[in-house]
Amino acid sequence: MRLTRLLPGLSLAGVLLLALPVDAARLQFWRFDSQENRLTFTTDDSIQPTAQLLSNPTRLVIDMPGTTLSAPENMSVDGAIKEIRVSERDAETTRLVVEYNAGYTVDPSQVQVRGESARQWTVQLPEATALVPPRAEENESVASTSESSPSENRLASRLSSQPGNLVRNRPVQGASTRIQGVLTTSDGFFVRTSGVDPQLNVSRFEEDGQRYITMEFEQTSVALGLTTSRLPNERYSVDGWQVDQVSNDPATAHITLALGEESPDWDISAVEGGVVVLPKDVSISSIPDNGASTGTTVASTLRQPPGTRQVNTPEMPTLPNGRFTVVLDPGHGGRDPGAVGINGLQEKQVVNDITPQVAEILRAQGVNVVLTRDRDMEVDLAPRVQIAERANASIFVSIHANAISMSRPDVNGLETFYSSDAGQRLANTVHATVLNEMGMRDRRVRSARFYVIRRTSMPAILIETGFVTGAEDAPNLADPMWRQRMATAIARGILLHLQRGV
């Protein structure tokens with residue numbers, strides 16, 4: 001790997017050293033957002049981390065001197081990244097390694113390591129590129145596929161006989177648009193793209209009694225990090241998705257939907273930042289706000305301003321006494337304040353107030369409630385999971401507040417994460433209920449591999465109640481009355497889910 005034109009402050013001695021800010025803190029937790037290709041970790045106590053990019057295989061290594069680790073952990077990742085590992089380099093150093101699959105590399109000048117606050121760090125990873133171009137026979141296969149009709153394309157894929165999700169992506173040079181993923185909205189889907197707004201052709205066909213829609217994107221590549229886990233599964237009676245890089249020259253990509261019997265007729269429109277897929281006669285107000293400049297213009301012009309919606313507050317659902325046990329997990333605590341935002345607002349201050357109120361409401365409706373902590377104290381991730389398992393919980397709900405750079409006060413909204421199909425059902429209900437009652441911006445329900453929702457055996461979610469760094473969210477999160485409303489909304493969503501059956 002040839003590394004030249006180093007940025008100021010970087011040095012090369014067999015490896016590339018990335019200069020980092022001097023202030024950091026002891027490692028408390030970490031997470032990887034595969035959709036944003038971003039690694040986040042929170043620390044405590046001042047240290048001086050270092051990062052280096054190694055080759056054969058490509059690895060980004062972050063060392064944190066003066067840290068300890070309760071237990072090593074590995075996280076498998078689809079796409080170009082093989083896995084992420086956290087371990088002890090030695091007795092006084094924690095090491096975090098992002099290892100790429102063989103044949104992939106990244107541009108070291110594009111790796112961005114930032115201290116978002118004294119306690120939160122982000123590592124923005126660039127998109128990986130292949131070191132070796134596809135074999136000749138692969139190019140021939142792709143070229144022949146691009147000349148096929150949509151029906152022939154469709155029959156050549158796994159979706160033809162077994163509905164499901166399939167991604168076939170290859171390195172492509174010179175494309176002006178890139179397909180990043182498919183997001184589920186409140187009433188349809190949003191195909192998120194980057195670069196130039198997409199040039200789109202839509203065709204519809206039917207085979208063996210099943211309907212299909214193919215979207216053809218001109219001058220478009222499929223992001224190498226796009227995997228089947230980032231495609232919707234059985235939503236709105238869509239049986240499966242296929243994303244194909246059908247041609248490299250010219251760059252052409254296809255997205256095919258296999259429609260179930262109850263799937264509606266879909267209108268498909270290219271907009272700024274992507275493609276909206278909605279049932280006919282539905283407005284495009286459900287375009288997700290991803291907090292970035294791309295794709296937010298249309299959504300922001302249609303979205304009602306926060307606080308202007310009528311809030312629906314029906315009576316709380318009732319449940320049989322003692323039938324369900326809910327474990328509530330207030331994030332962070334003690335010496336770990338979590339995210340720190342505008343006017344010094346701490347994440348733990350928010351969740352320390354919201355979570356007990358959720359517990360009180362649930363108990364009043366006959367639910368057994370267990371808290372992973374009932375006071376402002378540090379609790380590691382593993383004990384939180386153990387508490388839920390010992391309680392034989394019906395569901396697990398981890399409550400947090402979000403953050404991004406203080407330079408992005410425009411990023412606001414509700415996010416809810418899940419790790420399993422059962423967790424997704426819980427996440428959808430709670431997320432929709434909170435949105436309905438709070439009138440917040442919608443940053444979607446997403447799949448994630450956070451420790452506490454991945455290691456718990458029951459349906460589990462992690463809800464981010466807003467951004468302590470957001471110009472809209474931070475004043476709300478600091479308001480006790482708003483936090484009370486949030487607690488009521490979360491509790492209602494939990495009760496609705498339990499009422500429908502876990």
Side-chain angles (χ1 to χ4, degrees), residues 1-20 30-41 49-64 74-87 89 95-114 121-139 142 167-181 193-195 220-230 243 245 247-249 251 253 449:
M1 178 170 59
R2 183 181 180 187
L3 303 174
T4 57
R5 296 184 180 179
L6 302 182
L7 295 177
L10 304 184
S11 62
L12 184 63
V15 297
L16 178 69
L17 298 181
L18 304 175
L20 301 184
W30 66 277
R31 67 187 181 189
F32 178 67
D33 185 336
S34 59
Q35 184 151 337
E36 301 296 336
N37 209 23
R38 183 172 60 227
L39 180 69
T40 303
F41 59 94
T50 62
Q52 51 187 324
L53 190 67
L54 308 179
S55 58
N56 299 321
T58 303
R59 308 180 308 284
L60 177 65
V61 179
I62 300 174
D63 284 334
M64 291 167 275
N74 288 11
M75 172 183 174
S76 298
V77 184
D78 293 329
I81 296 177
K82 179 180 179 180
E83 67 175 1
I84 301 175
R85 303 187 297 272
V86 180
S87 60
R89 177 188 176 186
R95 168 166 285 185
L96 194 154
V97 178
V98 180
E99 180 174 337
Y100 289 81
N101 283 307
Y104 288 95
T105 188
V106 294
D107 181 351
S109 67
Q110 298 299 312
V111 178
Q112 301 176 18
V113 185
R114 298 189 299 269
W121 298 77
T122 63
V123 182
Q124 184 62 59
L125 302 175
E127 190 160 325
T129 56
L131 292 170
V132 181
R135 297 189 302 271
E137 56 267 28
E138 288 181 335
N139 287 328
V142 172
V167 175
R168 297 191 294 203
N169 45 19
R170 293 175 172 83
V172 176
Q173 301 296 326
S176 57
T177 306
R178 180 178 290 112
I179 296 173
Q180 301 287 11
T193 63
S194 61
T220 298
S221 63
V222 179
L224 294 177
L226 179 58
T227 66
T228 56
S229 64
R230 291 170 58 187
V243 182
Q245 189 70 59
S247 176
N248 289 0
D249 187 16
R449 292 179 57 83

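Numbering of residues begins at 1 and proceeds along the displayed sequence.
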| Working for side-chain contact (heavy atoms from CB on, under 4.5 Å), residues Phe32 and Val98 | CA-CA 10 Å; Phe32 178 67; Val98 180; 5.9 Å; no
How many angstroms lie between atom [atom1] of [X] and atom [atom2] of [Y], to the nearest 0.5 angstrom?
| X | Y | atom1 | atom2 | result |
| --- | --- | --- | --- | --- |
| Tyr100 | Leu60 | OH | CG | 6.5 Å |
| Gln245 | Ile179 | CD | CD1 | 7.5 Å |
| Leu125 | Asp107 | CG | CG | 12.5 Å |

Do the side chains of [Y] and [X] get nearer than 4.5 Å, heavy atoms only?
| X | Y | answer |
| --- | --- | --- |
| Ile81 | Asn37 | yes |
| Leu96 | Val123 | no |
| Val86 | Met75 | no |
| Val111 | Pro126 | yes |

| request: Quick one: list whatever passes side-chain hydrogen bond (donor to acceptor under 3.5 Å, both in side chains) with Arg85, sequence neighbours left out. | output: Glu83, Glu99
| Any residue meeting side-chain hydrogen bond (donor to acceptor under 3.5 Å, both in side chains) with Arg449, in chain and number order, not counting sequence neighbours | none
| For Glu127 against Ala223, the heavy-atom pair lying closest together | OE2-CA, 3.6 Å
| So, for Thr220 and Ala175, which heavy atoms are closest and what is the spacing to 0.1 Å? | C-CB, 3.9 Å
